[in-house]
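The next block holds one structure in the form of structure tokens; read it before the comments.
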Amino acid sequence: MNECMLTDPELGEIRLRTNARARRLTFRVKDGSLWASLPPGTALAEVRRAVEQLRPRLRAACLANRRAFIDLGYCIETDFFRLSLAEGNVGRFLSRSSANALQIVCPPGTDFRDPALQDWLHKVVVEALRRRAKEILPARLDGLARRHGLAYRQVRINTGHTRWGSCSAGRNINLSCYLLLLPGRLVDYVLLHELAHTREMNHGERFWHLLDELTGGKAQLLRREMKRYRAGLPAVPVSSGRA
């Protein structure tokens, strides 16, 4: 595979990759970057025409998948997780953890534009989020299950971006660590959603009736609110009120 770069005034850098197995020109967003997969022999003029034809969709995809740029101004403050960065008189990066908070102390003059540094910062934050989620979510799920008389077999925490949670036919529940970035009421909504699947595996009428009972008649309201969020580190600093 051969790679090169095309710069667009609005979309930024588009990474072009020639793929001998590709039958047509396709675009995708990965790790905040826009990639184009090209059949051999595709001219740049053809790529530019495709960009113009698909611009509204590409713009929306880039906005939805924009990667967080972590620097001294980046912070997260939600009901279950807090992150901040500070400059200190240190020769290397340090992390300080207390309760639900993580502070990353950076050496003076750090160049946050370094892609390798951004990769490392993302890994540090996601790992801290995953550890915190393993402390918070299983206990919260267990409490809701006991309160509502629902049973599940086991719960696992992952770093998935595609689903907030899932429940298998064997009543095994998987939860994304990114749930901790939601307001507390939406965390509980997702947990109750998966617990409801221990009785109703589909999303039929009986499922929504059960979930409505579990959420005090707010299932559809909370469902609509969930559409404002996506799993992953927020692209901009974020703060929410306490649950």
Side-chain angles (χ1 to χ4, degrees), residues 30-31 64-65 68 76-83 95 97-102 119-234 238 240 242-243:
K30 179 183 178 182
D31 295 332
N65 293 276
I76 296 173
E77 186 171 351
T78 63
D79 296 325
F80 301 110
F81 185 76
R82 289 184 293 157
L83 164 73
S95 63
S97 298
S98 62
N100 66 336
L102 169 68
D119 289 342
W120 181 80
L121 287 171
H122 276 78
K123 289 178 182 178
V124 169
V125 176
V126 171
E127 177 57 24
L129 193 63
R130 186 188 67 83
R131 290 198 304 267
R132 182 62 178 163
K134 292 181 73 172
E135 297 173 357
I136 294 292
L137 296 179
R140 202 167 182 94
L141 181 72
D142 186 65
L144 290 170
R146 291 176 182 274
R147 184 188 309 170
H148 296 285
L150 298 168
Y152 61 94
R153 287 188 60 194
Q154 62 180 359
V155 57
R156 292 179 178 173
I157 307 300
N158 59 50
T159 57
H161 288 78
T162 57
R163 288 185 175 185
W164 294 108
S166 64
C167 179
S168 72
R171 295 188 299 179
N172 295 315
I173 292 177
N174 290 286
L175 299 171
S176 170
C177 68
Y178 296 110
L179 280 170
L180 293 195
L181 303 182
L182 297 175
R185 63 186 177 280
L186 295 182
V187 174
D188 286 348
Y189 166 77
V190 174
L191 301 186
L192 289 169
H193 183 114
E194 302 312 329
L195 286 171
H197 279 313
T198 63
R199 287 188 183 173
E200 302 291 339
M201 282 304 300
N202 57 40
H203 287 105
E205 184 177 345
R206 292 197 302 180
F207 169 84
W208 287 108
H209 179 74
L210 172 59
L211 188 55
D212 214 35
E213 290 182 347
L214 297 176
T215 58
K218 297 180 179 179
Q220 293 302 326
L221 177 65
L222 294 168
R223 182 189 186 191
R224 288 192 295 271
E225 189 176 354
M226 280 294 301
K227 293 180 180 180
R228 295 163 41 196
Y229 299 88
R230 70 177 186 91
L233 294 184
V238 64
S240 69
R242 296 294 172 192

Problem - Sequence neighbours excluded - ring pair (Phe, Tyr, Trp, His ring centres under 6.0 Å) pairs with any residue from residues 153-180 - result: His161-Tyr178
Practice task
Report yes or no: does Asp79 contribute a side-chain atom to a donor-acceptor pair with the main-chain N or O of Pro183 at less than 3.5 Å?
Solution key: no
Handout entry: NZ/NE/NH1/NH2 to OD/OE distance under 4.0 Å, Arg206 and Glu200
Key = yes
Exercise for the section: Decide yes or no for Ile76 and Leu102: does some side-chain heavy atom of the first lie under 4.5 Å from some side-chain heavy atom of the second? Expected result: no
Exercise for the section: May I ask you to test the Gln220-Trp208 pair for a side-chain heavy-atom distance under 4.5 Å? Expected result: yes
Exercise for the section: Hey, could you give me the CZ/NZ distance between Arg132 and Lys134, rounded to the nearest 0.5 Å? Expected result: 14.0 Å
Fill in the blank from the handout: Heavy-atom nearest pair, Thr78 first then Leu180, reads OG1-O, 2.9 Å
Exercise for the section: For the residue pair Leu221 and Arg224, establish whether any side-chain heavy-atom pair is separated by less than 4.5 Å. Expected result: yes
Exercise for the section: Rounded to the nearest 0.5 Å, what's the gap from OH on Tyr189 to CG on Leu144? Could you check? Expected result: 14.0 Å
Practice task
Find the distance between CG (Leu150) and CG (Leu141) and round it off to the nearest 0.5 Å.
Solution key: 9.5 Å
Handout entry: Lys/Arg N to Asp/Glu carboxylate O, Lys123 vs Glu127, below 4.0 Å
Key = no
Exercise for the section: Quick one: closest heavy-atom pair of Arg130 and Cys177, and the distance? Expected result: CA-CB, 3.8 Å
Exercise for the section: Look only at the side chain of Thr198 and the backbone of Arg171, and say whether a donor-acceptor pair between them is shorter than 3.5 Å. Expected result: no
Exercise for the section: Report yes if the side chains of Pro234 and Leu181 come closer than 4.5 Å at any heavy-atom pair, otherwise no. Expected result: yes
Handout entry: Sole residue of Leu129, Leu137, Ile173, Leu179 in side-chain contact (heavy atoms from CB on, under 4.5 Å) with Ile157
Key = Leu137
Problem - Check: Phe207 ring centre within less than 6.0 Å of His193 ring centre - result: yes
Exercise for the section: Measure the shortest side-chain to side-chain distance between Glu194 and Val155 over non-hydrogen atoms and say whether it is less than 4.5 angstrom. Expected result: no
Exercise for the section: Would you give the length of the straight line joining atom OG of Ser168 to atom CD of Gln154, rounded to the nearest 0.5 angstrom? Expected result: 8.0 Å
Exercise for the section: Locate the shortest heavy-atom distance separating Asp212 from Lys218; write the atom from each residue and the value. Expected result: OD1-N, 3.5 Å
Practice task
Grab the two heavy atoms, one from Ser176 and one from Arg163, that are nearest each other, plus how far apart they are.
Solution key: CB-O, 3.5 Å
Exercise for the section: Check step by step if side-chain hydrogen bond (donor to acceptor under 3.5 Å, both in side chains) holds for Glu213 and His209. Expected result: CA-CA 6 Å; Glu213 290 182 347; His209 179 74; 3.1 Å; yes
Completion exercise
Distance col, row Ser166:OG vs Asn172:CG, nearest 0.5 angstrom, shows 9.5 Å
Problem - Arg140 and Asp188, any side-chain heavy atoms less than 4.5 Å apart - result: yes
Handout entry: Closest approach of Gly160 to Ala231 (non-hydrogen atoms, all atoms of both residues)
Key = O-CB, 3.8 Å
Exercise for the section: Look up atom CG in Leu195 and atom CG in Leu210, then write down how far apart they are to the nearest 0.5 Å. Expected result: 9.5 Å
Exercise for the section: Please tell me if the side chains of Leu192 and His148 come closer than 4.5 Å, counting only heavy atoms from C-beta onward. Expected result: yes
Handout entry: Leu222 vs Leu211 side-chain heavy atoms within contact, under 4.5 Å
Key = no
Practice task
Might you point out which heavy atoms bring Tyr229 and Leu186 nearest each other, and give the distance in Å?
Solution key: CE1-CD1, 3.5 Å
